[in-house]
Colleague: 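Structure in C-alpha cells, see below.
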There are 2 protein chains.
Amino acid sequence: MNAEAHSPDTLMIRKLESNFPLSDEEKQALKGLPVQITHLKADQHIVRTGDRPHHCCLVLEGFTCLFKLSYEGRRQIMALHIPGDMPDLQSLHLEYMDSSIAAISPCTVGFIQHEDLRNICERYPRLTAAFWRETLVDASIFREWLLNIGRRDAYSRMAHLLCELLIRLEAVGLVKDSNTLLMPLTHEELADTIGITAVHVSRTMQALRTQGLVETKKSQITILDWARLQEAGEFDPLYLHLRDDS
Amino acid sequence: MNAEAHSPDTLMIRKLESNFPLSDEEKQALKGLPVQITHLKADQHIVRTGDRPHHCCLVLEGFTCLFKLSYEGRRQIMALHIPGDMPDLQSLHLEYMDSSIAAISPCTVGFIQHEDLRNICERYPRLTAAFWRETLVDASIFREWLLNIGRRDAYSRMAHLLCELLIRLEAVGLVKDSNTLLMPLTHEELADTIGITAVHVSRTMQALRTQGLVETKKSQITILDWARLQEAGEFDPLYLHLRDDS
DNA sequence: CGAGTGTTTGACTGTTCTCAAATGTCGTGG
DNA sequence: CCACGACATTTGAGAACAGTCAAACACTCG
C-alpha cells in the first residue's frame with residue numbers, strides 16, 4: 001500500500017514493465033543500477049533552469065513538480081511527479097534544464113548517473129525504448145494539460161486534474177481506501193498547476209464540494225462521484241497510455 | 001531559401017545533425033530510408049485521435065498542427081510543425097494517437113514506416129538517441145507553451161508565439177528577407193494555438209501593430225522591433241535547445 | 001500558546017468572451 | 001474583368017469568468 005515498502009529498482013521496474021514487458025536479464029540490469037538515495041524537505045530544489053545535470057532523478061516517496069517562472073514571478077507547474085516517475089529523464093539528451101524541479105512534500109528520491117543510464121541503454125536497446133516511452137508519456141500529459149489550461153474553465157480544469165491524480169496514484173498503489181487522495185498540494189500549488197489563482201482554487205473546490213463531486217478533509221480529497229467528476233473534467237485516460245485500460 | 005529544393009533525407013539529416021553530429025554511415029542509412037511522399041490540401045487530416053498508425057510523418061513543405069478538441073468542440077492546437085519536423089514521431093512507441101494532426105496550409109509530407117525506423121534505430125543506436133532527442137525538444141516546447149498559456153496574457157502569448165516561429169523558421173531557412181514570416185495561420189488558428197478567441201487575436205495583433213512591434217501585410221508578418229517583441233513575450237530561446245545559441 | 005502558513009470570504013476590477021454586424025479578401029465562373 | 005459567394009478580419013457593446021486586494025478565520029507545529 002505504501003511506496004516505502006519498495007526498493008528503488010522495484011518501483012522503476014514495475015513502472016517500465018507495466019507497458020513494456022522486460023526480460024529477466026533486463027530486470028537484473030536495472031536492479032544493478034547504482035542509485036543514490038536522498039531525502040528532501042518540502043520546497044527544496046532538485047535542479048534549476050539552466051543547470052547541466054549529470055544524473056537523473058527517480059521519485060521514491062512524496063510529490064515533486066516541474067515548473068517555470070514568468071518574469072513577474074508567476075509560477076506555472078508543468079508536471080507533477082509521484083513515486084515511480086522520473087521528472088528529469090529528458091536531461092539524458094538535453095544539455096540544459098529548461099525548467100526547475102522541486103519537492104512539493106518531503107520526498108525521497110534516487111539519483112542515477114547519466115553515464116550508468118547510457119551504458120545500460122547501450123547494452124539493452126529495449127530499455128532505451130522503455131525509457132524513451134516514459135518521456136513520450138510525459139509529453140502526452142503536457143499535451144492534455146495544454147488542452148486543459150487553454151480550453152477549459154477553472155471548474156473543469158480542477159476536475160480534470162483530480163481525475164488524473166486519482167488514476168496515476170492508483171496505478172502505483174497510492175490510493176487509500178475508496179477514491180481518497182492524500183493531497184500534499186496547497187491551493188497555491190494547485191493554482192500554479194492549472195493556471196489560476198489560489199483564491200480561485202478555493203472557490204472552485206467549494207463548487208466541486210457543493211456539487212457533491214468531492215469531499216475534502218484536511219489534506220485529503222475524497223472523490224464522491226467519479227462518473228460526474230470525469231464528465232466535469234472531460235477526462236478520458238487515453239492520454240496516460242496505461243496498458244490496462246481502467 | 002525554400003524547402004522545395006531539399007530532398008526529404010536532406011531536410012531530416014540537417015535537422016537531426018544540427019544537434020547531434022552524425023557519421024557518414026549514419027547519414028547514408030537515413031538517406032536509404034524509404035519515404036512515401038504525399039501532397040495534402042489545407043485542413044486535411046493526417047492522423048486522428050485513437051488511430052494506431054504504422055508510419056511517422058515528416059513535414060517537407062507547409063505547416064501542420066497537432067490538436068485536440070474539448071467536448072464543446074473548442075480546439076486547442078498543441079504544436080505547430082514546419083518543414084523538417086516529425087509531428088508524430090511519438091507514435092513509434094505510443095500505440096494510440098492521443099491527438100490529431102492536420103495540414104494547416106497545403107503541405108507535402110513524407111511517410112516513413114515504423115518498421116523501417118525501428119530497424120535503422122536498432123542498427124545505429126546514435127540515431128535512436130537523435131530521434132529521441134527530437135521528441136524531447138517537442139516536449140520542451142509543450143512545457144514552454146504551458147507557461148505561455150497558463151501564466152501570460154494574450155498580448156504576451158502572441159508575442160511569444162511570433163518569436164518562436166521566427167526562430168524556428170529561421171533555423172530551417174524559411175524566413176524571407178529581414179524578419180518577415182510567411183504566415184499561413186488564420187486568426188482562428190492562432191487563437192486555438194494560444195488559447196484565446198479569434199476576435200481577441202484580432203485585437204491583440206492590433207495592439208502589437210500599434211506598439212510598433214510588428215507589421216502585417218496580407219498573410220505575412222514582419223517583425224519591426226525584435227528586442228521589444230522578445231521582451232513582450234518573455235522570450236528566451238533556451239527551451240528550443242538549438243545548438244547555435246542565436 | 002503564539003507564530004506562521006494556508007484557506008475562506010467579500011467587494012471590486014479587469015481581461016477575455018460572446019454575439020452580432022460591418023468590412024475586407026480571395027478564388028471562381030460568367 | 002467583374003460579380004458573386006465563401007471565408008477572414010475588424011469593430012462595438014455587454015456579459016462572464018477569473019484576478020486583485022484585504023481581512024477574517026483555521027490549522028499546525030514548535
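Atom set for the values below is all heavy atoms of this structure, side chains included, hydrogens, waters and symmetry mates excluded. The structure displayed is predicted, hence computed values, not measured ones.
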Colleague: From B:T108 OG1 over to B:L40 CG, what is the distance, rounded to the nearest 0.5 angstrom?
Modeller: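 Those atoms lie 8.0 Å apart.
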
Colleague: Just N and O in the side chain of B:S202: are any of them under 4.0 Å from OP1 or OP2 of D:dT9?
Modeller: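 False: B:S202 side-chain N/O out of range (4.0 Å or more) of D:dT9 OP1/OP2.
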
Colleague: Record whether the side chain of A:R203 comes under 3.5 Å of the base of D:dT20 through a donor-acceptor pair of N or O atoms.
Modeller: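 Yes.
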
Colleague: Find the distance B:H200:NE2 to D:dG14:C1' and express it as a whole number of Å.
Modeller: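 About 16 Å, once rounded to whole Å.
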
Colleague: Can you measure A:K218 atom NZ to C:dT5 atom C1' for me and round it to whole angstrom units?
Modeller: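 In whole Å, C:dT5 C1' lies 16 Å from A:K218 NZ.
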
Colleague: For A:E144 and A:R152, run salt bridge (charged side-chain N to carboxylate O under 4.0 Å, His left out): C-alpha distance rounded to whole Å, both residues' side-chain angles, the deciding distance at 0.1 Å, then the answer.
Modeller: CA-CA 11 Å; A:E144 183 68 18; A:R152 296 193 187 117; 3.4 Å; yes

Colleague: Is the shortest side-chain N/O distance from A:T197 to OP1 or OP2 of D:dA18 below 4.0 Å?
Modeller: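 So the side chain of A:T197 is outside the cut-off, no N or O lying under 4.0 Å from OP1 or OP2 of D:dA18.
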
Colleague: Roughly how many Å is it from NZ in A:K217 to P in C:dT7, rounded to a whole number?
Modeller: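 Between P of C:dT7 and NZ of A:K217: 17 Å.
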
Colleague: Distance check needed: C:dG6 P versus A:D192 CG, whole Å only.
Modeller: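 These atoms are roughly 12 Å apart.
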
Colleague: Mind checking whether A:F67 and A:H45 have ring centres under 6.0 Å apart?
Modeller: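 A:F67 vs A:H45: aromatic centres under 6.0 Å.
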
Colleague: Using whole Å, report how far CD1 of A:I196 lies from P of C:dT8.
Modeller: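 Value for this atom pair: 13 Å.
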
Colleague: Are the side chains of A:T204 and A:V201 in contact, using a 4.5 Å heavy-atom criterion?
Modeller: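 Of all side-chain heavy-atom pairs linking A:T204 with A:V201, none is under 4.5 Å.
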
Colleague: Between B:L208 (CG) and D:dT10 (P), how many Å, whole number?
Modeller: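 Rounded to the whole Å, the gap is 12 Å.
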
Colleague: Counting side-chain heavy atoms from C-beta on, which of D:dG12, C:dC26, D:dT28 comes nearest to B:V199?
Modeller: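 Looking only at heavy atoms from C-beta outward on B:V199, the closest nucleotide is D:dG12.
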
Colleague: Return the value, rounded to whole Å, for the distance between atom CG of B:L190 and atom P of D:dT10.
Modeller: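 Rounded to the whole Å, the gap is 11 Å.
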
Colleague: Report the distance from atom CE of A:M205 to atom C1' of D:dA18, rounded to the nearest whole Å.
Modeller: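 Nearest whole value for this atom pair: 17 Å.
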
Colleague: Using the rule given for salt bridge (charged side-chain N to carboxylate O under 4.0 Å, His left out), can you reason through B:K15 versus B:E134, listing the C-alpha separation, both sets of side-chain angles and the distance that settles it, and then say yes or no?
Modeller: CA-CA 9 Å; B:K15 183 95 185 298; B:E134 287 301 300; 2.9 Å; yes

Colleague: Using a heavy-atom distance cut-off of less than 4.0 Å, which residues of residues 151-165 of chain B contact DNA chain D?
Modeller: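 Residues of residues 151-165 of chain B that come under 4.0 Å of DNA chain D do not exist, since none gets that close.
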
Colleague: Give me the ring orientation class for B:F111 and B:H55: parallel if the planes are under 30° apart, tilted from 30 to 60°, perpendicular past 60°.
Modeller: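 Because their plane-to-plane angle lies in the 30° to 60° range, the rings of B:F111 and B:H55 count as tilted.
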
Colleague: With a 4.0 Å limit, can you tell me whether B:H187 has a side-chain N or O closer than that to the phosphate oxygens OP1/OP2 of D:dT10?
Modeller: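 Yes, such a contact exists.
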
Colleague: Which atom pair, heavy atoms only, marks the closest approach of B:L11 to B:G84?
Modeller: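 Looks like CD2-N, 3.5 Å.
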
Colleague: Are any of A:Q206's side-chain N or O atoms less than 4.0 Å away from OP1 or OP2 of C:dT7?
Modeller: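 No, A:Q206 has no side-chain N/O under 4.0 Å of OP1/OP2 on C:dT7.
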
